[in-house]
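I have placed the structure first, in the form of structure tokens, so that the comments after it can refer back to it.
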Amino acid sequence: MKTCHKTNKVTVWMKDDGNLGVKIVSDCPHVRDYAAKLTEISMDDVVSFAGSKVVDPDIRATLSVPCLTPIAVFEAAWLELGMLSKNLVKGIGENSVSFHPDIDLEEL
């Protein structure tokens with residue numbers, strides 16, 4: 001995340017039991033705490049935001065509200081499950097959030 005100058009790498013893989021393994025490497029202590037609590041997710045955690053471990057308040061308690069790491073977990077899981085096209089991802093390269101504080105809302 002550029003707003004906090006931290007770097008996170010999220011890896012998600014299919015496990016033999018049908019669940020997904022999650023590994024998050026980060027130079028942020030708050031994300032490392034989140035990563036220690038989120039090492040495995042289920043299909044339900046991936047397809048439904050409500051009730052998902054990925055955004056569970058107790059698991060993500062140390063993260064700031066705008067932290068994009070949980071969204072990166074969803075994206076990586078969707079990619080692993082084939083719910084997001086690998087060709088699309090290769091073509092896009094990255095997702096981003098742009099800030100335009102000086103633009104009048106009428107211009108949008």
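Small disclaimer: the values here were computed from a predicted structure and weren't measured.
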message: Rounded to the nearest 0.5 Å, what separates atom CZ in Arg60 from atom SG in Cys67?
response: 6.5 Å

message: A side-chain contact here means heavy atoms from C-beta on lying under 4.5 Å apart; do Glu75 and Val12 qualify?
response: no

field: Connected via hydrophobic side-chain network under 4.5 Å: Val25 and Leu79
entry: no

- prompt: What distance do Leu20 atom CG and Thr11 atom OG1 have between them, rounded to the nearest 0.5 Å?
  reply: 12.5 Å

message: Tell me if the CE atom of Met83 is crowded by more than 12 foreign heavy atoms within 6.0 Å.
response: yes

field: Minimal non-hydrogen separation, Glu80 against Met14, with atom names
entry: OE2-N, 3.3 Å

Heavy-atom pair with the smallest gap, counting every atom of Cys28 and Lys6: CB-CG, 3.8 Å

- line: Taking every heavy atom of Val46 against every heavy atom of Trp78, the minimum-distance pair comes out as O-NE1, 3.0 Å

message: To check you understand the geometry: which heavy-atom pair defines the closest contact between Pro70 and Val54, and what is its length?
response: O-CG1, 3.4 Å

- prompt: Got a second to check how far Ile59's CD1 is from Asp33's CG, nearest 0.5 Å?
  reply: 10.5 Å

- prompt: Would you say Asp45's side chain and Ser42's backbone share a donor-acceptor pair under 3.5 angstrom?
  reply: yes

- request: To the nearest 0.5 angstrom, please state how far the CD1 atom of Ile41 sits from the CG atom of Asp56.
  value: 12.5 Å

- prompt: What distance separates Asp27 CG from Thr7 OG1, expressed to the nearest 0.5 Å?
  reply: 5.0 Å

query: Hey, quick one: are Phe74 and Trp13 part of the same hydrophobic cluster, counting side-chain heavy atoms closer than 4.5 Å, chains of contacts allowed?
result: no

- prompt: About how many Å separate NZ of Lys37 and OG1 of Thr62, when rounded to the nearest 0.5 Å?
  reply: 5.5 Å

- request: Return yes if some donor-acceptor pair links the side-chain N/O of Ser26 with the main-chain N/O of Asn8 below 3.5 Å, else return no.
  value: no

- request: Would you check if the side chain of Lys53 reaches a backbone N or O of Glu40 as a donor-acceptor pair within less than 3.5 Å?
  value: yes

